[in-house]
Amino acid sequence: MSVHTTAKRITVPQLRAYKNQKKIVSLTSYTAPFARVLDEYLDMILIGDSTAMVGYNMENTLAITLEQMAAHARAVVRSTQNVCVVVDMPFGSYQESPEQAFRNAAFLLKESGADAVKYEGGTPLATTTRFLVDRGIPVLAHIGLMPQYLNTMGGFKAQGMSDEAAEIIYQDALAQEQAGAFAVVIEGTAEPLARRITQALSIPTIGIGASPECDGQILVAEDIFNLTPNRIPKFARQFSDVQAAIREGVQAYANEVREGTFPTLDHCFGVKKK
């Protein structure tokens, strides 16, 4: 007889039930040390393909691989107990067909233990969302500014600024909800559009440069901790200067090593105490 224990980790259905009940608090993470700290305070951690830029100093998100995403997701899952863990599907791993998307999404979940996948795309990817959800893979949709589409969008530009463009994104949101996505990330869109989508959907919206009215918010952790080399995006704010703390610690360590005050015998083995 098998014994089942109650999972403490926030589940996908629980996140979906946050709609109109409580705000979803989310950040990105891709390493164990960060994930351990974030686990205490968040509802969801996303292993974002932004890992390419903040973790590997790549120019954009396009070059990171499925295997790299799986490895980072595995580190985050192993280091957390409470949050729902979602992993991004990288560029080229899902666009070809629903079958391709299923194979790669199944690989990510099996390799990492994550709870769900996220990918970019609205109406054209709705069929893929339905295909995955019907086969047991929860999908977090992503519409609006989609970094993997930077070449067709002409860069990282706010979306939905005209009535025509806004209507396309609005329909993207409706299509993904109907296809079975449990929530929708809205990135870099006109605020009235994000508010309209949030009011229209029965599933949560998670904003990043969208609207305060969204059902939750997500940011790249490095942006809010002053760990990115460039100016942080308009939609982010520095909540803590972790870089300054690291610099202070590294400087103190370097000074003591050069001065010969570290290590002392207290930090050595086989030393007889007097």
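Residue numbers run from 1 in the order of the sequence given. Because the structure is a prediction, the values reported are computed rather than measured.
- Counting heavy atoms of neighbouring residues, nucleotides and ligands inside a 6.0 Å radius, atom CD of Glu259 exceeds 12 of them.
- Of the candidates Ile143, Val86, Leu140, Leu140 is the only one forming a side-chain contact (heavy atoms from CB on, under 4.5 Å) with Val185.
- To the nearest 0.5 Å, atoms CG (Leu15) and CG (Asp115) are separated by 8.5 Å.
- A side-chain N or O of Tyr30 and one of Glu222 form a donor-acceptor pair less than 3.5 Å apart.
- To the nearest 0.5 Å, the span separating CG on Leu109 from CG on Leu132 amounts to 8.5 Å.
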Ring pair (Phe, Tyr, Trp, His ring centres under 6.0 Å) assessment of Phe102 paired with Tyr94: CA-CA 8 Å; Phe102 175 80; Tyr94 61 91; over 10 Å; no
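- For the atom pair CD (Gln81) and CD (Glu40), the distance works out to 11.0 Å, reported to the nearest 0.5 Å.
- For Phe262 and His267, the ring centers sit closer than 6.0 Å to each other.
- Side-chain contact check for Gln176 and Thr129: at least one donor-acceptor pair (N or O, by modelled atom type) lies under 3.5 Å.
- No side-chain heavy atom of Val257 sits less than 4.5 Å from a side-chain heavy atom of Pro263.
- Inter-residue side-chain proximity for Asn104 and Val117 is flagged as unmet; no heavy-atom pair is nearer than 4.5 Å.
- Residues Ser26 and Gln217 bring no donor and acceptor atom of their side chains to less than 3.5 Å of each other.
- Counted within 6.0 Å of OH on Tyr149, heavy atoms from surrounding residues, nucleotides or ligands total more than 12; the atom is thus considered enclosed.
- Two residues are said to be in side-chain contact when any heavy atoms from C-beta on lie closer than 4.5 Å; Leu66 and Phe107 meet this criterion.
- You'll find the side chain of Leu150 reaches within 4.5 Å of the side chain of Phe156, heavy atoms only.
- Partner of Ile208 under the side-chain contact (heavy atoms from CB on, under 4.5 Å) criterion, out of Ile218, Leu145, Asp223, Ile186: Ile218 alone.
- Within a 6.0 Å sphere centred on CD of Glu99, other residues, nucleotides and ligands contribute more than 12 heavy atoms.
- Within a 6.0 Å radius of CD in Glu167, other residues, nucleotides and ligands contribute more than 12 heavy atoms.
- Side chain of Glu256 to backbone of Tyr253: no donor-acceptor contact under 3.5 angstrom is found.
- The hydrophobic clustering, which links ILVMFWY residues whose side-chain heavy atoms are closer than 4.5 Å, places Val242 and Phe239 together.
- Residues Arg196 and Tyr170 are in side-chain contact: their nearest non-hydrogen atoms beyond the backbone lie under 4.5 Å apart.
- Using modelled atom types, no side-chain atom of Asp88 and backbone atom of Pro90 make a donor-acceptor pair closer than 3.5 Å.
- Between Phe91 and Glu120 the shortest side-chain heavy-atom distance does not fall below 4.5 Å.
- Looking only at distances, no side-chain donor or acceptor of Asp39 sits under 3.5 Å from a matching main-chain atom of Ala35.
- Taken from CZ in Phe131 to CG in Leu125, the straight-line distance is 13.5 Å, to the nearest 0.5 Å.
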Please tabulate, for side-chain N and O atoms in residues 44-58, each donor-acceptor pair with protein atoms closer than 3.5 Å (sequence neighbours left out).
unit_1 : atom_1 : unit_2 : atom_2 : d
Asp49  : OD2    : Gln148 : NE2    : 2.7
Thr51  : OG1    : Gly48  : O      : 2.6
Tyr56  : OH     : His72  : NE2    : 2.8

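- Transitive grouping of hydrophobic side chains (ILVMFWY, heavy atoms separated by less than 4.5 Å) brings Val76 and Leu227 into a common cluster.
- Val83 and Leu108 fall within the same hydrophobic cluster, where Ile, Leu, Val, Met, Phe, Trp and Tyr residues are linked whenever their side-chain heavy atoms come under 4.5 Å apart, directly or through other members.
- Going from atom CD1 of Ile224 over to atom CG of Leu219 covers 6.0 Å, rounded to the nearest 0.5 Å.
- Proximity of Lys118 to Val87: side-chain heavy atoms (C-beta onward) are nowhere separated by under 4.5 Å.
- Residues Gln171 and Thr123 bring no donor and acceptor atom of their side chains to less than 3.5 Å of each other.
- A side-chain contact (heavy atoms from CB on, under 4.5 Å) with Tyr18 is found for exactly one of Asp43, Ile203, Ile206, Val25, namely Asp43.
- Using modelled atom types, no side-chain atom of Thr189 and backbone atom of Gly144 make a donor-acceptor pair closer than 3.5 Å.
- Side-chain contact check for Arg36 versus Thr80: every heavy-atom pair is 4.5 Å or farther apart.
- Using modelled atom types, one finds no donor on one side chain facing an acceptor on the other under 3.5 Å when comparing Gln100 with Ser97.
- Under the 4.5 Å side-chain contact rule for hydrophobic residues, Leu201 and Val133 do not share a cluster.
- If you check the side chains of Gln199 and Arg195, you find no donor sitting under 3.5 Å from an acceptor.
- Met153 and Met161 are not part of a single hydrophobic cluster, where members link through side-chain heavy atoms under 4.5 Å apart.
- Within the 3.5 Å criterion, the main-chain N or O of Ser112 finds no donor-acceptor partner in the side chain of Arg74.
- Separation of atoms CE (Met146) and OG1 (Thr61) is listed at 11.5 Å; rounding is to 0.5 Å.
- Side chain of Arg16 to backbone of Pro204: no donor-acceptor contact under 3.5 angstrom is found.
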